[in-house]
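Before any comments, here is the structure.
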Amino acid sequence: MNPMQIKIEEATKQGKMGLIPYLPAGFPNREQFWKELEELDAAGVSVIEIGMPFSDPVADGPVVEKAALKCLADGINLTWILDELKKRKGQFNAALLLMGYLNPVYQYGVDKFAADCEAAGVSGLIIADIPLEESGFLKKALTPHGVSLVPLVGLNTSKERMKLYAENASGFCYFVSVLGTTGQRESLPERIKEKLAEAKEVFDIPIALGFGIKHPDQLTQFEGLMDAAVFGSALITHIENGNSSAEFMEPWI
Amino acid sequence: MNPMQIKIEEATKQGKMGLIPYLPAGFPNREQFWKELEELDAAGVSVIEIGMPFSDPVADGPVVEKAALKCLADGINLTWILDELKKRKGQFNAALLLMGYLNPVYQYGVDKFAADCEAAGVSGLIIADIPLEESGFLKKALTPHGVSLVPLVGLNTSKERMKLYAENASGFCYFVSVLGTTGQRESLPERIKEKLAEAKEVFDIPIALGFGIKHPDQLTQFEGLMDAAVFGSALITHIENGNSSAEFMEPWI
Amino acid sequence: MKKGYFGDFGGQFIPELLMPPLIELEEAMETILPSEEFQTRFTNMLKENVGRPSTITYCPNISKDLGLDLWLKREDLNHSGAHKINNTLGQGLLAKMMGKDVLLAETGAGMHGVATAVAAAMLDMKAVIYMGATDIVRQAPNVGRMKLMGAEIVSVESGTKTLKDAINEALRRWLADQETTHYCFGTAAGPHPFPTLVREFQQIISKEARQQYMDRNDGDLPDVVVACVGGGSNAIGMFHHFIPDESVKLVGVEAAGTGEPGCDDSAPLDHGTEGILHGMKTQLLQTEEGQILPSHSIAPGLDYPGVGPEHAHLQATGRGDYVTINDAQAINAFKTLSQREGIIPALESSHAVAYAIEHKEELQGKSVLICLSGRGDKDLGILDQIL
Amino acid sequence: MKKGYFGDFGGQFIPELLMPPLIELEEAMETILPSEEFQTRFTNMLKENVGRPSTITYCPNISKDLGLDLWLKREDLNHSGAHKINNTLGQGLLAKMMGKDVLLAETGAGMHGVATAVAAAMLDMKAVIYMGATDIVRQAPNVGRMKLMGAEIVSVESGTKTLKDAINEALRRWLADQETTHYCFGTAAGPHPFPTLVREFQQIISKEARQQYMDRNDGDLPDVVVACVGGGSNAIGMFHHFIPDESVKLVGVEAAGTGEPGCDDSAPLDHGTEGILHGMKTQLLQTEEGQILPSHSIAPGLDYPGVGPEHAHLQATGRGDYVTINDAQAINAFKTLSQREGIIPALESSHAVAYAIEHKEELQGKSVLICLSGRGDKDLGILDQIL
Ligand SMILES: Cc1ncc(COP(=O)(O)O)c(C=O)c1O
Ligand SMILES: Cc1ncc(COP(=O)(O)O)c(C=O)c1O
């Protein structure tokens, strides 16, 4: 079983929600980044999602985009991320997940990328601009190395498509809470419930809800329909304001 | 015989050139205008050509246009010209000629205009924008009142057209020295001679040369081919510079 | 009827020294114009360079809004963006075949200037364009286009610095340069033979539009045909083939300017008087003493105190109805057509469109075919300043 | 070949959340597009609103100057001034029949934005246009036109503030508003089915041009067919029906920018590498690490680091030749066509014209048919600044 699933299920077995914080690699700067990761890990999160920078991040909202483009300008690249993770292999309790866009991975070389992920202790990958139809070649490269390609589904994903995604999916399923880009929102649409229930039914791996999440109170309404929460923009803003990740995690623990 | 022809022939009989100065009515101002006319008359000119102002004087060069538009702005109109001339009827030795464009005369009423010319002692009219083809109605109005419609011909007037103009022409024939508008020119085109000779042959009334004339020296080459000279822009510029008409006439006498 | 006259209007009121080139032109109209060579080349140019036939367009949204059927004859789709090119290519080709090297033109909105520059470039001739200093400022995009195509622009600083004065200066230039130069007059006005010559080149508008309308309406004719009237070339082109159709009402739209009492306008047919200007006897805005009054319209191409003599005649005989539209109404039409149909009309043409809007009550259920004489790209600057 | 692919290029590399509207669009392409209702309405719109067929024009003066036969396909004569309208009316009508209310678009030169605004106005829909802040400044006339037609303009301040970034933002907006909104993509690029859909609407260019050329040349075909390549829509439209004609050389012209070493350009086919951007696998200007490079061209519509996948394929198979023209050469062509033929081309199209000028030696005696994709009125401001 993929470590991400294991970690999330550890949480749910304890009656807690799996927690999946997102930070762009190298944010807010190279050293601080690893400190934030350690704090998050110490807070007991299930999966740490690390953003790989891309010049044209079409699925990102303004907060994530700005933070990630700053890291890109600072010279953060896939080599740095994978090398540094490799150095720290085994130091994190949480499972590690890389998130990004296809082109940098494609230029890196998907086979090399898959191998290097394994070597770095990365167990999952989210590629925002790969739908089902184009995912075959990537899955083929990742699977031998035990890296899961995490499916993203959302309010407009039909049950049929969910089923196709569910076939040999592993790790967890990322349920996107809104039709839109990442970013904090005050409230989440009611109709999520129905779709979440559908996803719960279709997938036999944990369901994580992401996009627009800033506080656990937003999620009480979805109890039983989701297993984990992903939060990015809220965490980034919090850090940008000079606060620590540990602090941010308090209401979640 | 039209007084204009009489006056020009008086000059030519004395071996001199007929002189036809042009001034816009009311130039440089209402009082001064009559003083200039008196000086010109005293200098022994044959015909005094008085410009009637028009807003759109297409045949005029910049000097005449500017002077005439100033007079127009000062309120000079046909009524003033004809009234003031009437008051002075008989005071001029020179014959009087009005020059202008059709529309003001048309609005004044051509029959009334012809009658008022006679009453004012005017013996000729130049309308710059009436060619042969359109001149019938005007001639018909003028003839009973002894006012001649002076034909204008030029370098591009065919002998045939000259002949048509010559039919029952009276006063004098105005030969336009250039293809262009009024205004002083340093020299006159050589080929005038040939055309002037043609006009001399066709017309049995005096030929006056006009447009671009500023000094008698320009004309020695045309001796025998012309009977009178018309000058406007040069005279206007001279007056604008604060000099008197009498002074201007000196080289001509 | 006297040669060169439309009823009481028209004629050839110009200096004798301009008669030879006018006579030369009249002769060319009799010899060159009907020749097979001219006709073939001209027809090809209209098709292959101008893009004729220009289409007619039904306006579904405005028609619904107003309760009538609105059709547009799309002269704005012509190369260079207005009906003017029909005339400049015609005159340009004629001039070329007459052996002239230079096309001289006046321009108000700049569309005729641009169209003349196009004709000159295409025919490998030189273009000299007279344009009022005021118009140079308010129609800057067209000045840029003319210069780019190699035309010489002469800024006219005299008088009102608009179209009327540009014509004065161009006539003066023609007088001087008549041997090498053809005066490519921009509208169906001026001395004979221009009103006839320009109509000859613009009648293609109604020739096409009449057939196109019938093709799309089971052989029916429109109830009303509308065009704006500056000098009157697009209007006479739009009216010509409809004149014999008695059921078709012909409406010419003059510019009322601001419409404020005491302000200048451009509506000589509405409240002008008979007089003589620019070589023709016609209706003019003038004082009782025959001095020409300054004109005004927000549409530079309509900003003219005179009008082509055939329109004066059509009005006198009652065949044409002439109405006025003011600046604000034209701007409203400009915006309405842009927003509702995606067509940005020239401010000139907007006057014609405004007729349908302002008269919608009496036009209920009728079909109205409007000459969209040009496109409005050139006018965005004027609008920017106002809106 | 895999669905949505042209050889190795194409595909659908977009977020899952955009798949439903893409699938909906694919379905509409299979059901609505071939329907008689769609085809009739679309054909009518092309004729009656756009003014199609657009003519082909022979350029006598430049042909003589260069020693070849230069022909232009006149997409600049289309309503709104470029080929873009063929596509926006097609997509607009499709979207309308799919029940959408809003047309969303990115724009570089503003021509696609204007054409989308036209389609929206005509079809009584709303237009929302994303445009880079840099392009908003350099193509101000088009911004004015869009606003006038009631389009909402969103200024894009991210990245290079040009076309690429406008696409990013528009994709984000689409993601959010997919239920009511159709993303009216402006070029033959992006995720499947856009490259095919846009080609479908632009192939009319070569369908007409091929026949028109043959009609005027005793059934002969041109030796060379040329088009500029930004995203590639006018080029694919111009090439499509010539692809089977083996004797006809197809030349796509990319923008070399200033041409100075170390400066940005817009020529991914010339020296880009395979990668993924904006939903497609294609040739891209990118770093070795897969970060997209900023692009530059004096022609805003060519200023894009990617290219439509079918062009990458035509290049890979050798059927298409892709060359570059720099800013100075394009400006020279812009001026040459204006002055010698009276046609002011868009700066984009000027790149295609420049090909004939710069390659005149090898083209001696050949006939060259160029797609004049748009008119240059919008570009006078750019030129003013430079000249
Ligand atoms: C687009 C357009 N329409 C109309 C006119 C008015 O001229 P006319 O009355 O000769 O058609 C002009 C003149 O410049 C124009 O540019
Ligand atoms: C006139 C013109 N030509 C060409 C282009 C380039 O686009 P494409 O390569 O899709 O034809 C543009 C884009 O805006 C344009 O406006």
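Naming convention: chains lettered A, B, ... in sequence-line order (proteins, then strands); numbering from 1 in each chain. Fair warning: this is a prediction, and the values are worked out from it, not measured in the lab.
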- Are any side-chain N or O atoms of B:D74 and backbone N or O atoms of B:I76, one a donor and one an acceptor, separated by less than 3.5 Å? no
- Item | Residue selection (most heavy-atom pairs with chain B, distance under 4.5 Å) from C:R173, C:E169, C:E274, C:E179 | C:E274
- Message: For the residue pair B:N103 / B:Y108, report whether a side-chain donor-acceptor contact shorter than 3.5 Å exists.
- Response: no
- Taking atom types as modelled, find out whether C:H192 and B:E133 have a side-chain donor-acceptor pair closer than 3.5 angstrom. no
- Message: In the structure I gave you, are the side-chain heavy atoms of B:L78 and B:V105 within less than 4.5 Å of one another anywhere?
- Response: yes
- Could you look at B:P151 and say if it's the side chain, the backbone, both or neither that has a heavy atom under 4.5 Å from chain C? neither
- B:Y165 portion near chain C, given a 4.5 angstrom heavy-atom threshold: side chain
- Item | Short side-chain donor-acceptor distance under 3.5 Å, B:N2 and B:S170 | no
- In terms of heavy-atom pairs under 4.5 Å, which option from B:L132, B:V176, B:L72 contacts chain C the most? B:L72
- Message: Are C:H278 and C:Y304, when compared by the centres of their aromatic rings, separated by less than 6.0 Å?
- Response: yes
- Item | Parallel, tilted or perpendicular: rings of C:F194 and C:H182 (30°, 60°) | tilted
- Note on the structure: Applying a strict 4.5 Å limit to non-hydrogen atoms, the region of C:I23 in contact with chain B is side chain
- Task: Tell me, for C:Q291 versus chain B, whether the close heavy atoms (under 4.5 Å) come from the side chain, the backbone, both or neither.
- Result: both
- Message: So for C:Q286, is it side chain, backbone, both, or neither that comes closer than 4.5 Å to the heavy atoms of chain B?
- Response: side chain
- At a heavy-atom separation under 4.5 Å, does C:L171 approach chain B through its side chain, its backbone, both, or neither? side chain
- Go through the steps for B:K214 and B:F231 under the test side-chain contact (heavy atoms from CB on, under 4.5 Å), then give the verdict. CA-CA 6 Å; B:K214 59 194 275 198; B:F231 35 83; over 6 Å; no
- Message: Less than 4.5 Å to any heavy atom of chain B: does that hold for the side chain of C:L293, its backbone, both, or neither?
- Response: neither
- Is it the backbone or the side chain of C:L284 that comes under 4.5 Å from a heavy atom of chain B, or both, or neither? side chain
- Task: Name the region of C:P191, side chain, backbone, both or neither, that has any atom closer than 4.5 Å to a heavy atom of chain B.
- Result: neither
- Item | When B:L69, B:D129, B:L102, B:N77 are compared by non-hydrogen pairs under 4.5 Å with chain C, the top option | B:D129
